[in-house]
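The first residue in the sequence is number 1, and the count goes up from there. As the structure lists them, so they are numbered: ligands from 1, and atoms in each ligand from 1.
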Amino acid sequence: MPEILLERPRHDVLLVRLNRPEAKNALNNAVRMQLAEAFTEAAADDTLRAIVLTGNAEAFAAGADIKDMAEAGAIEIMLRRTHLLWRAIAQCPKPVIAAVNGYALGGGCELAMHADIIIAGESAQFGQPEVRVGIMPGAGGTQRLLRAVGKFKAMKMVLTGKPVTAREAEAMGLVSEVVADAEVLPAALALAQTIAAMPPLAVQQIKEVMLAGADAPLETALMLERKAFQLLFDSKDQKEGMRAFAEKRRPDYQGC
Ligand code: DAK
């Protein structure tokens with residue numbers, strides 16, 4: 001069985017499912033490689049407008065596979081070069097929606113934080129429990145969590161390893177929306193459909209500027225925004241969108 005499953009619920013939406021139910025979707029090397037391959041291919045596919053990333057009812061992902069790294073040394077961990085695999089997800093130019101049920105722990109929480117939007121079920125749990133097994137977050141958990149929820153909430157989660165509920169995660173800004181468990185995937189797919197109907201160049205520029213700008217000084221970030229804003233006025237979809245508004249009709253976006 002492949003360790004991730006790929007579906008096209010619509011012609012312009014890719015659904016990526018983690019598929020290691022026997023290990024609570026723990027991320028082993030095969031999962032990470034298959035994820036990187038899927039996201040790299042998705043990035044180059046012009047027909048794709050949004051990606052939904054999910055697990056199963058019990059686990060989004062319970063972290064990196066502990067058994068897979070328990071006896072590894074530092075050089076071995078370095079030579080696995082897993083940051084290159086994570087990078088394929090982080091740098092995907094298409095909007096990514098994480099649909100989270102159950103556990104999103106350690107590398108699983110970090111994976112969810114690679115998404116642009118997180119929809120969580122009421123029973124979902126988010127946490128960075130690495131400290132409890134003698135390590136620390138290694139795929140962005142110390143930095144993306146800090147940026148998402150601020151120092152004091154992030155420190156508490158990372159230093160204690162204690163998970164938070166979906167509602168707590170929502171209150172601290174770690175998830176976009178909490179819905180009933182059974183509604184997670186439908187809500188994420190509906191959101192993907194809404195975003196897929198938007199002009200793709202505008203969507204791409206928004207994602208790129210928001211992510212790059214968040215880590216740049218304000219003046220630089222505002223310049224990035226200004227340049228991307230100006231660039232969009234050379235797109236056919238900008239003309240189409242504004243003319244359609246003036247003509248009181250639905251726009252027909254072409255992605256150019
Ligand atoms: N790794 C390996 N196996 C796991 C696993 C994990 N993270 N989580 C669960 N499993 C396996 C269990 O061992 C068990 O396998 P069997 O005993 O049946 O063979 C099976 O999944 C079912 O799990 P449980 O029996 O434990 O199920 P429960 O419902 O009782 O508990 C749980 C579910 C998720 C609360 C529990 O399994 C748990 O605490 N899991 C570990 C959570 C955790 O500590 N996660 C953080 C792992 S460290 C890196 C970047 C990032 C990372 C590493 C490197 N680089 C850039 C190099 C990330 C590190 C981590 O995520």
Side-chain angles (χ1 to χ4, degrees), residues 1-5 16-40 53-92 96 98-115 118 120-149 154-169 174-175 181 184:
M1 277 294 270
E3 308 209 284
I4 65 166
L5 302 173
V16 181
R17 285 183 199 267
L18 301 183
N19 186 40
R20 286 191 80 206
E22 73 286 358
K24 304 277 186 215
N25 286 332
L27 308 168
N28 60 10
N29 205 42
V31 175
R32 281 191 287 252
M33 283 178 66
Q34 288 171 34
L35 279 175
E37 194 181 337
F39 276 83
T40 302
L53 176 60
T54 196
N56 56 42
E58 290 178 359
F60 178 72
D65 192 313
I66 296 173
K67 297 163 193 171
D68 200 36
M69 59 186 165
E71 305 306 326
I75 299 298
E76 186 184 340
I77 292 290
M78 185 183 80
L79 291 176
R80 288 183 187 180
R81 297 187 179 88
T82 52
H83 65 285
L84 298 178
L85 303 176
W86 287 99
R87 193 176 289 168
I89 306 170
Q91 295 186 345
C92 180
V96 178
V100 178
N101 282 111
Y103 300 109
L105 302 177
C109 188
E110 290 171 315
L111 180 61
M113 288 191 289
H114 275 64
I118 303 178
E122 279 166 341
S123 314
Q125 290 186 37
F126 295 80
Q128 297 289 164
E130 290 90 340
V131 68
R132 296 181 178 195
V133 290
I135 57 167
M136 60 179 282
T142 60
Q143 302 309 310
R144 287 198 178 88
L145 188 64
L146 190 71
R147 284 160 172 73
V149 307
M155 281 286 187
K156 189 177 169 203
M157 283 177 72
V158 177
L159 290 174
T160 65
K162 193 167 172 271
V164 296
T165 64
R167 290 282 175 212
E168 288 168 329
L174 178 53
V175 308
D181 289 337
V184 170

As an exercise, state the distance from CZ of Arg80 to CE of Met33, rounded to the nearest 0.5 Å. 12.5 Å

Ile89 side, atom CD1; Thr40 side, atom OG1 - distance, nearest 0.5 Å: 9.0 Å

Quick one, Asn29 and Leu85 - any side-chain contact, counting heavy atoms below 4.5 Å? yes

Hey, what polar pairs (N/O, under 3.5 Å) does ligand 1 make with protein?
residue: ligand 1; atom: 1 (N); partner: Ile66; partner atom: N; Å: 2.9
residue: ligand 1; atom: 7 (N); partner: Ala62; partner atom: O; Å: 3.1
residue: ligand 1; atom: 7 (N); partner: Ala64; partner atom: O; Å: 3.0
residue: ligand 1; atom: 13 (O); partner: Lys67; partner atom: NZ; Å: 2.8
residue: ligand 1; atom: 15 (O); partner: Lys67; partner atom: NZ; Å: 3.4
residue: ligand 1; atom: 21 (O); partner: Glu22; partner atom: O; Å: 3.4
residue: ligand 1; atom: 45 (N); partner: Ala62; partner atom: O; Å: 2.9
residue: ligand 1; atom: 55 (N); partner: Thr82; partner atom: OG1; Å: 3.3
residue: ligand 1; atom: 61 (O); partner: Ala64; partner atom: N; Å: 2.8
residue: ligand 1; atom: 61 (O); partner: Gly107; partner atom: N; Å: 2.8

Phe60 and Leu53: which non-hydrogen atoms are nearest, and at how many Å? CE1-O, 3.5 Å

Check: Gln34 side chain, Glu3 main-chain N or O, donor-acceptor pair, under 3.5 Å: yes

Distance-only donor-acceptor check, side chains Asn101 and Glu58, under 3.5 Å: no

